[in-house]
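In what follows, chains are A, B, ... by sequence order, proteins preceding strands, each numbered from 1. Atoms considered below: every heavy atom in the structure, side chains included; atoms not considered: hydrogens, waters and symmetry mates.
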2 protein chains.
Amino acid sequence: MDGARRRATIHDVAHLAGVSRQTVSRAVNDKGEIDPATKERVLDAARRLDYRPSRFARGLVRKGGVTTGLVVPDLMNPYFPEVAAGVLEAAEQRGWQVVVWDSRTDPGREREALDMLSHQADAVVGYFTDADEVLARHLGGVPLVLLERGPRQTRFGAVGIDVAAGMERGVAHLVAAGHRAIGLLDGDAGAPGPRRVAFERAVRRHGLPVDESWIVLCPEHSVSGGGAGMARLLARRPEVTAVVGFNDLIAVGAVRAARGAGRRVPDDVAVLGFDGLSLGELVEPALSTLHIDKRRLGRLAVEQVARLRAGEEPLSGADAWVVPELVVRASA
Amino acid sequence: MDGARRRATIHDVAHLAGVSRQTVSRAVNDKGEIDPATKERVLDAARRLDYRPSRFARGLVRKGGVTTGLVVPDLMNPYFPEVAAGVLEAAEQRGWQVVVWDSRTDPGREREALDMLSHQADAVVGYFTDADEVLARHLGGVPLVLLERGPRQTRFGAVGIDVAAGMERGVAHLVAAGHRAIGLLDGDAGAPGPRRVAFERAVRRHGLPVDESWIVLCPEHSVSGGGAGMARLLARRPEVTAVVGFNDLIAVGAVRAARGAGRRVPDDVAVLGFDGLSLGELVEPALSTLHIDKRRLGRLAVEQVARLRAGEEPLSGADAWVVPELVVRASA
DNA sequence: TTGTACGCGTTATCAG
DNA sequence: CTGATAACGCGTACAA
């Protein structure tokens with residue numbers, strides 16, 4: 001009839017039903033202490049006016065529930081729905097709700113998300129690339145928990161992944177299998193990320209060669225991005241006999257590119273992923289990978305938020321730190 | 001120092017800074033009309049008290065932003081993150097935020113989600129199995145848009161998938177390829193769902209046999225669920241030469257089960273999925289499928305919500321109806 | 001059983 | 001530039 005009209009308030013309902021606002025409140029909230037007849041009359045009026053209590057007014061007086069924001073870089077990458085599932089699970093247990101933002105791996109959009117969430121949420125957890133300083137500026141004091149950042153790297157809450165330990169295991173596995181020419185399909189642009197640093201260290205420790213010629217950047221973090229990266233690596237370092245991918249998607253792309261270039265996997269070149277997506281079991285050959293417990297990551301993040309809010313000591317050490325586990329399948 | 005203390009209000013800040021609440025408001029909201037010196041003093045006090053404006057109080061007076069709830073059955077199924085991405089995208093464009101719930105395909109949890117969201121959200125979109133009546137009871141008048149329900153099937157808003165048209169195309173393709181013994185790996189328990197109904201109709205139209213012996217139920221909607229279903233179908237109808245899966249995950253499971261049983265795909269048995277997951281391109285053989293534009297589905301749902309809220313006529317016909325597109329790859 | 005009066009935390013209006 | 005005062009919409013003692 002008229003969609004642009006202001007929404008009905010409790011007052012309107014009271015007026016229409018010929019009662020006081022208090023009575024309306026009782027009827028709507030299904031309290032006792034009200035005559036069934038009037039209650040029906042009130043409810044009817046409410047229905048006719050399409051009345052719904054304002055969640056703001058209600059939250060104001062009832063000390064409304066907790067809302068936390070979740071910022072992920074890319075919902076279409078199967079990795080992130082899994083950590084999101086962990087966050088949702090833990091949040092729900094506490095009766096919290098979570099509003100989700102996809103930043104599309106764009107620092108600008110990450111900041112926009114913060115601007116929004118710092119107003120609408122009681123806490124934020126997510127993936128951010130900016131430095132603490134700039135994050136703080138967009139945060140307005142809202143508690144923040146950074147995903148996949150070491151606790152020593154930020155003054156905010158954090159839940160990390162022990163990339164170094166994972167990479168160590170992965171490289172050791174490859175070396176044990178006899179590989180001496182190992183490449184990295186990296187995903188971190190700009191400064192060397194944890195994976196690259198850990199990779200170089202691990203490879204060096206085994207007395208193998210490493211320099212930037214063994215490392216190619218895959219800005220895409222996708223199967224096709226991995227394919228492109230692998231092609232470049234193959235061109236630059238034809239003698240390569242094993243590669244580890246920044247994540248499973250990239251690794252899968254590497255497998256396909258290797259095969260496309262006429263190499264057998266794992267016989268000619270072994271491929272190791274870093275994620276543990278269930279997708280890895282489905283491809284041919286099945287992907288060996290450093291499996292990360294993503295759900296746990298999400299749950300831990302929520303727990304950190306809870307501690308921050310309570311003013312408790314944040315989780316630390318092994319409790320706020322998930323370590324990748326080597327899963328050997330066919331590809332390596 | 002003390003986490004359980006009540007949060008500081010604007011009043012506390014005003015008191016500490018020795019100004020009025022109004023001045024605090026001006027400082028915090030970065031309005032003009034305030035002396036830089038006092039502003040700094042106020043901001044300092046706010047910082048010291050860890051003051052953050054109540055989003056409820058603010059929403060109350062400022063006519064707060066729109067929040068919509070999104071309820072999905074299973075975030076770990078790659079299908080749903082994609083529709084979620086569509087919802088988030090469209091919502092963000094309108095400046096709305098969306099709170100996400102995973103119902104784990106449990107009607108009971110779907111209702112819980114409604115109970116919660118009907119209080120905290122201005123609208124809800126999602127997957128629900130209950131009948132209109134019971135949904136309405138948990139909805140308290142909040143606008144609802146049902147995902148993947150025909151507009152004629154509900155009194156709420158809806159965005160549908162033209163399963164019949166899709167299935168028609170799929171079965172036609174199989175028949176054209178010479179298949180005469182076609183099975184269905186269904187996913188809808190209880191009453192026959194749209195896929196099953198459409199399947200039976202399409203197969204019959206081509207003069208082929210159908211009865212429940214050709215149809216097996218996969219309650220799991222996963223790769224392993226599909227595998228189990230395929231195994232049963234193979235046992236019951238060894239002569240089967242083609243199957244269509246309820247979704248791509250189930251179809252992938254079917255492929256693996258078929259191979260495990262010594263059948264070649266697609267030579268001995270063709271497999272057709274129903275989803276269009278990008279995962280389908282990665283498996284071996286690549287999965288033929290009825291591709292659904294899931295992002296669009298999500299975007300349309302948000303658009304429906306917008307119309308509902310504006311009191312406009314909801315989208316209908318082709319505009320609220322996404323039709324699956326046959327993508328032929330290797331598996332069929 | 002029903003109504004009155006007040007407070008929740010913030011912003012807007014209008015004086016000063 | 002700053003400060004009273006009045007909403008915003010609802011819940012809850014307390015009184016009738």
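Every pair passing ring pair (Phe, Tyr, Trp, His ring centres under 6.0 Å) that includes a residue from residues 62-91 of chain A is listed here, sequence neighbours excluded: A/Phe80-A/Tyr127.
A salt bridge is defined here as a Lys NZ or Arg NE, NH1 or NH2 lying under 4.0 Å from an Asp or Glu carboxylate O, and A/Asp122 with B/Arg52 fails to meet this definition. Between A/Asp44 and A/Arg47 a salt bridge is recorded (basic side-chain N to carboxylate O distance below 4.0 Å). Ion pair B/Asp293/B/Arg295 not flagged as a salt bridge, since none of the NZ, NE, NH1 or NH2 atoms sits closer than 4.0 Å to an Asp/Glu carboxylate oxygen.
Direction change of the helix axis from one end of the helix from C/dT1-D/dA16 to C/dG16-D/dC1 to the other is 40°, with five pairs defining each end axis (rounded to 10°).
Considering only the side chain of A/Ser20, C/dT4 comes nearest among C/dG9, D/dG3, C/dT4.
Rounded to whole angstrom, the span from the NE2 atom of A/His119 across to the C1' atom of C/dT10 amounts to 14 Å. Spacing between atom CZ of B/Arg41 and atom P of D/dC1 amounts to 14 Å, rounded to whole angstrom units. Whole-Å rounding puts the B/Asp12 CG to C/dC8 P distance at 11 Å. For the pair A/His15 NE2 and C/dG3 P, the computed distance is 14 Å after rounding to whole Å. Residue A/Ile34 contributes atom CD1, which lies 14 Å from atom C1' of D/dG11 at whole-angstrom precision. Nucleotide D/dC10 holds its P atom 9 Å from the CG atom of B/Leu60, rounded to whole Å. Rounded to an integer number of Å, the gap from B/Glu40 CD to D/dC1 P is 15 Å. Residue B/Lys39 contributes atom NZ, which lies 15 Å from atom C1' of D/dT2 at whole-angstrom precision.
Considering B/Pro53, B/Ser20, B/Ser25 in turn, B/Ser25 is the only one that fulfils the side-chain contact (heavy atoms from CB on, under 4.5 Å) rule with B/Ile10.
Heavy atoms only, all atoms of each residue included: B/Arg55 and A/Gln120 are closest at CD-O, 3.3 Å.
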Under 4.0 Å protein heavy-atom contacts per nucleotide of nucleotides 11-16 of chain C, with B for base, S for backbone only and - for none: SBB---
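Contact annotation: B/Thr38 reaches the phosphate of D/dT2 (side-chain N/O to OP1 or OP2, under 4.0 Å).
Between the side chain of A/Asp106 and the main chain of A/Ser103, no donor-acceptor pair closer than 3.5 Å is present. In this structure, A/Glu110 contributes its side chain and A/Thr129 its backbone to a donor-acceptor pair below 3.5 Å.
Residues A/Val145 and A/Val159 form a side-chain contact, since some pair of their non-hydrogen atoms from C-beta on lies under 4.5 Å apart.
Within 4.0 Å of B/Arg55, counting heavy atoms only, lies no atom of the nucleic acid at all.
When the nearest nucleotides of DNA chain D are assigned to B/Val19 and A/Arg52 by heavy-atom distance, the more 5′-ward of the two goes with B/Val19.
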